[in-house]
Amino acid sequence: MKVTAAVVDELHEPFRIEELDLDEPGPGEALVKIVASGICHTDEITRHGDLPMPFPGVLGHEGAGEVVAVGDGVTRVRPGDHVVIGWPSCGACRNCRDGEPRYCARLGEALCGGGRLLGPRAGQTALRRPGGSPVHSHFFGQSSFSTYSLTWADALVVVPRDAPLDLLGPLACGISTGAGAVFNTLKPGPGSSLVVYGVGAVGLAAVMAARLSPATTIIAVDRHPARLTLAEEFGATHTVHVSEADPVAEVHRICGGPADYAMECTGVIPVVRQAADSVGMLGTCVLIGGAPAGAEFGLDHLSTLWGKRVVGTLGGSGRSETLIGTLVELHRQGRFPFDRLVRFYDLTDIDTALQDSRQGDVLKPVLRMSH
């Protein structure tokens, strides 16, 4: 079938809107009519080589839409279902079997191998140009910068039909990453303190989630006053503007010592050290932001030896169905207002959306598809 997609031809090249041919669903697969797809920082760094996606290819990994067809053996979803496209996984490795499919042993292949992960056509792309030349597909199992996506059916999360489908795509990655890091990785205890370094879309989602936890001190750190104001509205009890105060010293002042938890959402290496220095004995610093490929950071050995934990998290950990379903319901209840972060663009305006995001004019750009 014919689809319209944003194609990246080569590393560092711009997105080009093209008409492509997409395969029909085979065994275990589902065809999703994309309603909207969020733009994530990961799409941009992949275009510039920090994830090894082969090109030409179609990016996009925060897609939501309607199932229009399924392949043989698919029973979990059916045509007409409204879905968010979750992360792909093999389902067979130890981590998948232990309930952590975001840490699938075949993660690299699943996210940016450029083709199907599973099934009789494993490794093959699903997209071609009209002349027959291949275009790599299945970025994060979906390549949703397109009017239709062919994905692994088991990755789909069915959502209520009355949920705002054009809004839900970012729950596949960016928004769920921030919230899931609180709910699944840190799990703050009663009266605990938590500091969020970088309150873009991921960090603000973390603040919203922290507000729903028993933590009583929630500190937002950023360089943009408008984002700090939003963080206060979403539940931050304190804010720190990095140009006005040393953030580590200010966190220690607010908490009367080190914080219990820190979340690093920027991917900026000096900020990683600040986040780690903000927690002390038995404290936990969780790394979320996507640093450039090959980036390294250093920590003080003795302070880390004294029970400090530095851990990474992917996509908010846990199962997509549980996490995304929870966030959809919390939003319906008015307790997780991530819609306030979103601005909509047409697929053809993808360059404008990216520019606005880079400049900080928008927190979470979402591309609507024209059908």
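All residue numbers in this chain count up from 1 along the given sequence. Values below: every heavy atom of this structure, side chains too, minus hydrogens, waters and symmetry copies. Only a predicted model underlies this, so the values are computations on that prediction, with no experimental measurement involved.
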Examine [X] and [Y] and state if one hydrophobic cluster contains both, with Ile, Leu, Val, Met, Phe, Trp and Tyr joined whenever side-chain heavy atoms are less than 4.5 Å apart.
X    : Y    : value
L165 : L323 : yes
I219 : V279 : no
V362 : L354 : yes
L22  : L59  : yes
I17  : F344 : no

Between [X] and [Y], what is the shortest heavy-atom contact and its length?
X    : Y    : result
P25  : L150 : CA-CD1, 3.5 Å
P88  : A110 : CG-O, 3.5 Å
E250 : A245 : OE1-CB, 4.3 Å
G316 : N184 : O-ND2, 2.8 Å
I269 : A295 : CD1-CB, 3.8 Å
C104 : C90  : SG-N, 3.3 Å

Evaluate the side-chain proximity of [Y] to [X]: yes if any heavy-atom separation is below 4.5 Å, no if none is.
X    : Y    : value
I39  : K364 : no
I218 : Y261 : no
L171 : F338 : yes
V195 : M263 : no
D339 : H331 : yes
V202 : I288 : yes
L156 : I85  : yes
F145 : I350 : yes

[atom1] of [X]: more than 12 outside heavy atoms within 6.0 angstrom?
X    : atom1 : result
R78  : CZ    : no
Q359 : CD    : yes
R223 : CZ    : no
E244 : CD    : yes

Holding to side chain to side chain contact (heavy atoms under 4.5 Å, CB included), I want the full list of residues that pass it with R335, two or more places apart in sequence or in another chain.
L212, L330, Q333
Residues at least two apart in sequence or cross-chain that pass side chain to side chain contact (heavy atoms under 4.5 Å, CB included) with K33, listed by chain then number, are V68, Y148, H371
Between [Y] and [X], do the side chains contain a donor N or O and an acceptor N or O under 3.5 Å apart?
X    : Y    : result
S137 : T125 : yes
S144 : S37  : yes
Y103 : S89  : no
E264 : T266 : yes
H61  : D43  : yes
Y345 : D356 : yes

Could you tell me whether [X] and [Y] make a salt bridge, using a distance below 4.0 angstrom between a side-chain N and a carboxylate O?
X    : Y    : result
E13  : R47  : no
R253 : D246 : no
R76  : E321 : yes
D81  : R161 : no
R129 : E19  : no
D361 : R343 : no
E233 : R340 : yes
R128 : D21  : no

Report yes or no: does [X] contribute a side-chain atom to a donor-acceptor pair with the main-chain N or O of [Y] at less than 3.5 Å?
X    : Y    : value
T185 : V182 : no
D9   : P56  : no
D222 : H224 : yes
E66  : V83  : no
S143 : F139 : yes
T237 : T217 : no
H241 : S243 : yes
S357 : A353 : no
R368 : A36  : no
T229 : P225 : yes

To the nearest 0.5 Å, what is the distance between [atom1] on [X] and [atom2] on [Y]?
X    : Y    : atom1 : atom2 : answer
L117 : H138 : CG    : NE2   : 9.0 Å
D72  : E29  : CG    : CD    : 10.5 Å
F15  : L367 : CZ    : CG    : 9.0 Å
D260 : C255 : CG    : SG    : 7.5 Å
K308 : C285 : NZ    : SG    : 8.0 Å
D154 : L118 : CG    : CG    : 8.5 Å

Start with the C-alpha distance between M208 and L341, add both sets of side-chain angles, then the distance that settles side chain to side chain contact (heavy atoms under 4.5 Å, CB included), and finish with yes or no.
CA-CA 12 Å; M208 292 182 213; L341 310 181; 4.0 Å; yes
Would you sort out whether R121 and D23 count as a salt bridge (Lys or Arg N to Asp or Glu O under 4.0 Å), showing the intermediate values?
CA-CA 11 Å; R121 294 182 283 183; D23 289 343; 3.8 Å; yes
Run D300 and R273 through salt bridge (Lys or Arg N to Asp or Glu O under 4.0 Å) and show every step you take.
CA-CA 9 Å; D300 175 74; R273 179 61 190 261; 5.2 Å; no
Carefully, step by step, assess T313 and L287 under the rule side chain to side chain contact (heavy atoms under 4.5 Å, CB included).
CA-CA 6 Å; T313 188; L287 307 183; over 6 Å; no
Let's go through Q274 and V271 carefully: what are the C-alpha distance in whole Å and the side-chain angles of both, what is the deciding distance for side chain to side chain contact (heavy atoms under 4.5 Å, CB included) to 0.1 Å, and is it a yes or a no?
CA-CA 5 Å; Q274 291 175 333; V271 180; 4.0 Å; yes
